[in-house]
Protein chains: 2
Amino acid sequence: MKTYLIGDIAKKMNVTTDTLRYYDKEGLLPFAKRDEAGRRIFTEDDLGYVEVINCLKKSAVPVKKIGQFIEWCMQGDQTLEQRYDFMVKREAALERQIKELETQLAFLRWKKWYYARAKAAKTESVNFKPGTQRSDPALYDHYQKLHPASNKFIE
Amino acid sequence: MKTYLIGDIAKKMNVTTDTLRYYDKEGLLPFAKRDEAGRRIFTEDDLGYVEVINCLKKSAVPVKKIGQFIEWCMQGDQTLEQRYDFMVKREAALERQIKELETQLAFLRWKKWYYARAKAAKTESVNFKPGTQRSDPALYDHYQKLHPASNKFIE
DNA sequence: TTACTACTTGGAGTTAACTCCAAGTCAAGG
DNA sequence: CCTTGACTTGGAGTTAACTCCAAGTAGTAA
């Protein structure tokens, strides 16, 4: 059966071998066996775990929590409930995070428009509320009319 | 004119006053003046900067980069180009990040479905490719037919 | 007036996630 | 057979972003 060394996995995950050894120390790779030379070997089966670790990492799940999940995987069928609950919680957390980022994106786009307008006038003051140094609320209203909320999901 | 102390801003941003003093040390709050007692005072005008800092923080922009942006703000109209470019880059980065998270969310949902199925059977082995310990590719195909890609944007 | 907060500074400590290094082992290619 | 490169361990160092003192001052409410 095809096996992989730590460097192969590093390439797949786009991390360094040092990072993988750190993950191993933290309990993320208990499934890795060793060959006669003491080198970590990964099987085709292990790639499934690697994929999960990668996904959780990219979803900003802390290493310790990933370790907990992998530990459950090692314990077999008695932890199916925990693993399901884990996925439910992560799904909810990620949905929240994406919504949060959508909000920030909308703000960034308003600021981009704001600076485009200031740049065209060669002065930020065209955006100010008369007699102040801060953005005119009427300008934001105007922006919102020009840019009705997009990025709505198809349900 | 209405002014604010550090604690007021902390409440608005939902951070501690220690965190705000750390931000000040890092150059994020150069607009803050001091009262006779040496306390930082924030004006209505400053709230605009606070809002931007908050947005960039939530978008995972490092403190140093936020500091650079605020510095440009302090330099006036000669940096409008940089500030516009900054917003363009941040918009693109955030769009990329959201797309990445959408991908991970899709994976998490598949795994949730996978564990729901395993849980119902009281054993993960119902999901395995016969003769192996890993997920049957045919199962994933099946899942994809049941769950056609949603979360597409309205353009 | 007295107590109670909220603020000030400087600086030390913490945590997560790497990142790097030294010294050594092993295997495959020429 | 020898070199080269990939691996091994243990452990130290780094970075970002806080987080937590201690010691002191200043404004507010009873």
Side-chain angles (χ1 to χ4, degrees), chain A residues 2-43 46 49-50 52-71 90 93 97 100 104, chain B residues 2-43 46 49-50 52-71 90 93 97 100 104:
Chain A
K2 183 158 174 50
T3 63
Y4 305 89
L5 291 177
I6 199 168
D8 304 318
I9 305 296
K11 266 173 210 150
K12 271 186 210 295
M13 288 183 74
N14 200 33
V15 296
T16 66
T17 56
D18 269 328
T19 296
L20 283 178
R21 280 184 216 105
Y22 159 71
Y23 288 167
D24 197 13
K25 243 182 232 172
E26 297 296 311
L28 265 59
L29 313 173
F31 45 82
K33 306 282 175 296
R34 300 299 179 113
D35 67 8
E36 308 70 39
R39 296 179 299 183
R40 291 167 185 84
I41 47 170
F42 301 84
T43 67
D46 296 340
Y49 296 121
V50 168
V52 172
I53 291 170
N54 219 232
C55 167
L56 295 175
K57 259 203 57 196
K58 286 180 177 169
S59 315
V61 178
V63 166
K64 279 197 179 171
K65 280 196 183 179
I66 302 178
Q68 171 67 269
F69 178 79
I70 295 291
E71 199 186 312
R90 287 315 314 161
Q97 205 200 326
E100 174 67 51
Q104 305 317 318
Chain B
K2 182 157 174 51
T3 64
Y4 304 88
L5 291 176
I6 199 169
D8 304 318
I9 305 296
K11 266 171 210 154
K12 271 186 209 296
M13 288 182 74
N14 200 34
V15 296
T16 66
T17 55
D18 269 329
T19 297
L20 283 178
R21 280 183 215 106
Y22 160 71
Y23 287 167
D24 197 14
K25 242 182 234 170
E26 297 296 311
L28 266 58
L29 313 173
F31 45 81
K33 306 281 176 295
R34 300 299 179 116
D35 67 8
E36 308 72 40
R39 296 180 298 182
R40 291 167 184 84
I41 47 170
F42 301 83
T43 67
D46 297 339
Y49 295 122
V50 167
V52 172
I53 291 170
N54 219 232
C55 168
L56 296 175
K57 259 203 57 195
K58 286 180 178 169
S59 316
V61 178
V63 166
K64 279 198 178 168
K65 281 197 183 179
I66 302 178
Q68 171 67 270
F69 179 78
I70 294 290
E71 199 187 311
R90 287 313 317 161
Q97 205 200 326
E100 174 67 52
Q104 303 319 317

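Every value quoted in this text rests on a predicted model; they were computed, and no experiment measured them.
Of the residues in residues 24-36 of chain B, those with a non-hydrogen atom less than 4.0 angstrom from any atom of DNA chain C are Lys25(B), Arg34(B). Annotation: proximity of residues 54-64 of chain A to DNA chain C (heavy atom, distance under 4.0 Å) is found for Pro62(A), Val63(A), numbered in ascending order. Proximity of residues 3-20 of chain A to DNA chain C (heavy atom under 4.0 angstrom from any strand atom) is restricted to Asp18(A), Thr19(A).
Sequence order on DNA chain D of the closest nucleotides to Ala37(B) and Arg21(A) puts Arg21(A) first from the 5' end.
Under the side chain to side chain contact (heavy atoms under 4.5 Å, CB included) criterion, Lys2(A) pairs with Tyr4(A), Glu44(A), sequence neighbours left out.
Pairing each heavy atom of Asp46(B) with each of Ile41(B), the nearest pair is OD2-O, 4.1 Å. In terms of heavy atoms, Asp24(B) sits closest to Arg40(B) at OD2-NE, 2.7 Å. Nearest heavy-atom pair across Thr17(A) and Gly7(A) is CG2-CA, 3.9 Å. Residues Ile70(A) and Leu28(A) approach most closely at CG2-O, 3.7 Å, considering heavy atoms.
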Only distances under 3.5 Å count here; give the side-chain donor-acceptor pairs of residues 52-68 of chain A to other protein atoms, sequence neighbours excluded, each with its distance to 0.1 Å.
unit_1: Lys57(A); atom_1: NZ; unit_2: Tyr23(A); atom_2: OH; d: 3.2
unit_1: Ser59(A); atom_1: OG; unit_2: Cys55(A); atom_2: O; d: 2.7
unit_1: Gln68(A); atom_1: OE1; unit_2: Trp72(A); atom_2: NE1; d: 3.3

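The CD atom of Gln97(B) sits 6.5 Å away from the CD atom of Gln97(A) when rounded to the nearest 0.5 Å.
Remark: P of dC26(C) and CD1 of Ile41(A) are 16 Å apart, rounded to the nearest angstrom. Summarising the geometry, the separation between OH on Tyr22(B) and P on dT19(D) is reported as 10 Å, rounded to the nearest angstrom. Straight-line distance from the OH atom of Tyr23(B) to the C1' atom of dA16(D): 11 Å, rounded to whole Å. As a whole-Å value, the separation of Arg40(A) CZ from dC7(D) P is 10 Å.
Classified by interplanar angle (parallel below 30°, tilted 30° to 60°, perpendicular above 60°), the ring pair Phe42(B)/Phe31(B) is perpendicular.
Residue pairs that meet the salt bridge (charged side-chain N to carboxylate O under 4.0 Å, His left out) test with at least one member in residues 3-21 of chain A, sequence neighbours left out, are Asp18(A)-Arg21(A).
No more than 12 heavy atoms of other residues, nucleotides or ligands lie within 6.0 Å of CG in Asn14(B), so this atom counts as exposed by the packing criterion.
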